Amino acid sequence: MPTVMVVDDAAFMRMRCAKLLQENGYNVIEAANGADAVRLYGQMRPDAVLMDITMPEMDGLTALKEIRKGDPNARVAMLTAMGQQSLVIDALSSGARDFVLKPFQPDRVLGALRKLIG
Amino acid sequence: MSVAIHGAAQKSGYTQLPEETVALELDATTADIKVFLEEGDEIIQLLDEDLVRLEREPDNVELLQEIFRAAHTLKGSSATIGHHKMATLTHAMETLLDKLRKRAVVVNTAMIDALLEAVDNLRVLEREIATSQESGIAIDDLVERLSPVAVGQTEGHEHRAPMPECMETAPIARTAISRPDAFAHVFDMHLRISGECPLPAARALQTVMALSDAGQICSSEPSIQEIMAEQIGSALHLVVGTCWDQGRVEATVAAVEDVTLAEISLLEDIPNALRDIQRSQSADGSVSSTPGSPSDNVFQPKEGATKKDTGRTVNSEKTFRIEVARVDALLNLVGELVTERTRLIQLASSLENKYGEDALVGQLSEATDVVGRITDQLQAQVMNSRMLPIDSVFHRLPRAVRDLALRMDKKVDLIIEGQETELDRSVIEELGDPLLHLLRNAVDHGLESPEERCALGKPESGTIKLTAAHEDNQVVISITDDGRGIDPTKVRLSAIEKRLVTPEAAEKLSDREAIRLVFAAGLSTAQQVSDVSGRGVGLDVVRTNIEKLNGSVDLDTEPGVGTRFTVRLPLTLAIIQALFVQVGDSAYAIPMVSVTETLRLSPSDIQTVRGAEAILHRGAVLPLLRVSQILSRNHKRGRAQNHCFVVAVKAGSNRVGLIVDSLLGEQDIVIKPLGTFLGDVQGISGATILGDGRVALIIDVLGLMKCVAEI
C-alpha cells in the first residue's frame, strides 16, 4: 500500500485530504509544517508527498528543497492556491513533479498521485 | 595514472575517499605543489564566482575573458605538474569558454551547470593533488558534456538533467550521471495549454521539466525564461532531443494536466534540425546569438544587449504585426489633426477676443485645450509606434563585416554599441545601405592588412566600432576604425586628378575641408580599385542617401590612427512633405499640401493693387505676402536681388503667393510642436530640424493668411 505524506498547516485540509486518500487505498502520514515534513520524510520515506506552499516554521518550497536534498528522487506535488503561479514555477524548477490547485477536486488529487507514484 | 575507480567512490562522495584511493603520481616537487595549490585555490574560487555571474551577465565580455584566462592558466599549470585529469577537464572548459568568447555558442543554463560542475570537480582534483591520492572521480562524462556541441545547441534554455544520485554528494555524484552520446530522436512538438488552466505557465514548465528528463530541450517557444516569467499563451513549441520513443514522450506529456499534444513530428536530420533552430533564433534580431562567428571576428554586444533581451522577452507576448501602410495612414491623419488643432486653438482665441467673457466661448476654449493635449499625446504615441531599435539594421552587419573581412583577407573585430537606440521605421529602412557602405569603406580602405598592421606595431586585428546613441533630437551613429586614416594630401591630389577641384582651390582647402572631398561624387582614394568598395559608387552616394533622410554625415580622421564617420539623423520622419524655403537667415518649411506652384519673378513683375503687392498669374490676381515681413523679426532688407521666388499656396479657396529669397527643396518632415513656452505663434504650426541641426519653422498657411488679414 503506497504511503503518501500530506503536508499542510491547516488541520482541516489535512483531515479532508487524509480521508480521501485513505478511502482510496493509501497510507497517510500528516505533517503540519515544512520542518516536520522534512524530518518525517527522512524517517518514513513515503512514496509521494502532497505539499502545501504557504506554511509556518518552514514553507513548502524550502521543505521541498530540503527533502530533495535528502532524496533527489522524492516525488512531490505542490498544493497551491490561485495566484501562486510564481511560487509553483519555483517549486517545479526545484524538483516538484506536479501541482494541484486548492480547493482541490478529489479526482485531481488522486490523478496526480497516480501519476506521481505510477 | 589510471581512472579505474568508478561507482562506489563516486556515489559515496569524497568524505569517504581515503578507503578507496590510490596514490597519485605527480611530476612536481612539494614546493611546486604548494604554489600550484595557492594559485589553484584562487582560480577555482574565481571560476566559481564568475560563472555564476556569467549566467546573469552572459554578454559581459570582460567577465568571459577573465573566466577563460582562469581556465587557461589552470590548464597550463595542471599539465605542467602532470595532473592529466585536471588538464583534460580544464582543457574542455577552455574550449567551451573559447567558443563562448567568440560567440560561437551562447550562454545557457545547461552550459553554466556543466561548467560549475566542472569547478566542483576541480576542487576534488585539487584535493587529489594536495593529498597525493586519487579520488577516483570520472570526468569523461563531464568532459563530453562540456563539448560545445553538447551544450551549445540550446540557446538560453533552462535544462537540467535529473539528479538520480544523492544530492549531498552532488559535486561528484553529478558527474556520474550517464548520458546518451547522442539523441536517438529529436521531436518537434506543438503543445496546447487548456484555456481553462489557471496556472498555464506552471503547467508549461511542468511539461518542460518532465520532458527534460527525457534528454534535452533543444528549443522552446516561448523560452524557458519567458515561461518562468509567466509569459505564455496557450501554445508551447518544444524541440526535444531524447532516446525515448515517441510513445514514452507522448505519455509524458499526457501525464501533465491541462496540456495536450497538438502535433508531434520526428525530425529526421538532427544536425540540420538543430542548425535550423539556431538560425531561426538568430534571425529574430538577437545579435547576441550570432552562431558560428568565426574565430577572428569577435562580436561584443555591450550593456544594450541585456536591455534589449529583456525588452524582447516582455514584448514577445504582446506584439502583433501591422501593415506599415496603416501606421503611415494613421500618422498622416495625426499630422493633419495637429495642423487643425492649431487652427482650432487660433479660432478659439479669436472668438475669445471677439466675444470676451462669453461662457460658451470659454467652454470652447477649454474643449480646444483638451483636444490639443490629446492630439499631442496621440501624435507622440503614433510616432512612438513607428520607432524600432536600430538593432534591426545593426544585426545583419556583423555577418557582412565578417564576410568582407574574409574576402579582403583582413582581421576585424566589430564592436557594436547602442543597438537598442530607437528611431523611426522609415529611417531604419533607409539606413542599411549607407551603413553597410561605410563599414565596407572602413574594412576595405580604412583597415590595413594584418601584415601591414603588424609592421606598424598595431594589433593584427583591426577594430571597427559601430555605435548608436540619442543626442538631443537626433540619432548619432558613428563608425570608427583604427586603420590608416585618410591623408588630406592624397585626397587633394586625387580630387585635382579627377578634376573635382582646381589645383589652386585644393591648395586653399584646409585639411578638414580637403578630407570632406571624399564625399564628392567621383572621388576614390583607394590605392587600387577593389571589388568591394572602389567602383565609383563612393561616399557621395552615402552622403546623398543620408541627406535624403534629413541627416548628415561627417568624418574625422587622423592618418595612421583611424577614421570616424559620424552620421546624424533625425529621430523620426513624419509623413508631411514640405517645401523648404530661405527667408533672410532662416529656413521655413511650407507643407506641400498647400503648395500649388513655385514661380521665379523679377521685381518688375510685381504690381501694386490697392496698396498691396500682387501679380497677375494665370489670368487672376495673386496677392503676394512677404514672409520676411510677417515672420522675421529682424530681417535684413538689404541685398537687392534681381529676382525672387514666389510660392503659390492655397488654403481653402484663398490663394496667395509667398515671397521668399530662395527655394531650398522638398523634404519629408516631422512637425515638432513649438512647446508651450513659446505660446502660439501665428502663422507657424511647428518646427522641424534640418539635417544640419538648424531649426526650420513650419509655416501654417492658413494662420499666415489670417495673420495678414488681421494686420
Side-chain angles (χ1 to χ4, degrees), chain A residues 38 41-42 45 48-54 60-118, chain B residues 11 13 55 109-110 113 157-174 176-177 193-194 196-213 217 220 222-232 236 248 251-259:
Chain A
V38 174
Y41 189 95
R45 291 274 165 163
V49 182
L50 293 175
M51 176 93 75
D52 186 27
I53 292 183
T54 330
L61 271 176
T62 316
L64 164 74
K65 288 174 195 164
E66 285 298 312
I67 286 175
R68 288 199 33 108
K69 256 191 212 172
D71 177 8
N73 288 318
R75 292 147 193 228
V76 183
M78 306 307 284
L79 298 170
T80 174
M82 293 283 288
Q84 287 187 316
Q85 179 154 269
S86 61
L87 292 174
V88 177
I89 285 174
D90 216 350
L92 288 168
S93 30
S94 305
R97 300 278 181 95
D98 201 348
F99 59 92
V100 181
L101 271 177
K102 289 199 296 188
F104 55 74
Q105 292 160 342
D107 48 337
R108 289 243 167 175
V109 177
L110 295 172
L113 276 179
R114 263 195 300 277
K115 282 178 226 156
L116 219 50
I117 297 168
Chain B
K11 281 180 185 159
E55 189 159 31
T109 310
D113 270 357
H157 296 314
E158 178 94 31
H159 162 66
R160 183 177 300 221
M163 289 159 208
E165 305 299 336
C166 178
M167 292 266 300
E168 275 160 1
T169 61
I172 304 168
R174 274 202 264 166
I177 301 163
I193 300 161
S194 156
E196 280 150 28
C197 174
L199 306 179
R203 286 300 178 207
L205 185 65
Q206 189 186 352
T207 315
V208 170
M209 296 303 282
L211 285 172
S212 67
D213 283 357
I217 307 290
S220 172
S223 73
I224 313 291
Q225 283 88 339
E226 282 165 341
I227 296 171
M228 305 261 293
E230 301 176 40
Q231 288 158 353
I232 187 171
L236 177 63
R248 190 160 173 206
T252 306
V253 174
V256 180
E257 205 79 69
D258 297 322
V259 174

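So that the names make sense, note that chain A is the first sequence line, chain B the second, and so on, each numbered from 1. Since the structure is predicted, the reported quantities are computational estimates derived from the model, not experimental observations.
Only the backbone of A/Arg97 comes within less than 4.5 Å of a heavy atom in chain B; its side chain stays farther off. Looking at A/Leu92, the atoms closer than 4.5 Å to chain B (heavy atoms on both sides) sit in the backbone and in the side chain alike. Heavy atoms closer than 4.5 Å to chain A are found in both the backbone and the side chain of B/Ala202.
Here the closest non-hydrogen pair linking A/Leu64 and A/Met78 is CD2-SD, 4.4 Å. Here the closest non-hydrogen pair linking B/Ile227 and B/Leu205 is CG2-N, 3.9 Å.
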Applying side-chain contact (heavy atoms from CB on, under 4.5 Å) to A/Ile89 and B/Glu230, what does each step give before you reach the verdict? CA-CA 9 Å; A/Ile89 285 174; B/Glu230 301 176 40; 3.6 Å; yes

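Contacts with chain B were tallied for A/Val100, A/Thr80, A/Asp98; A/Asp98 has the most, counting heavy-atom pairs under 4.5 Å.
Annotation: the span from B/Ile193 atom CD1 to B/Asp258 atom CG amounts to 9.0 Å, rounded to 0.5 Å.
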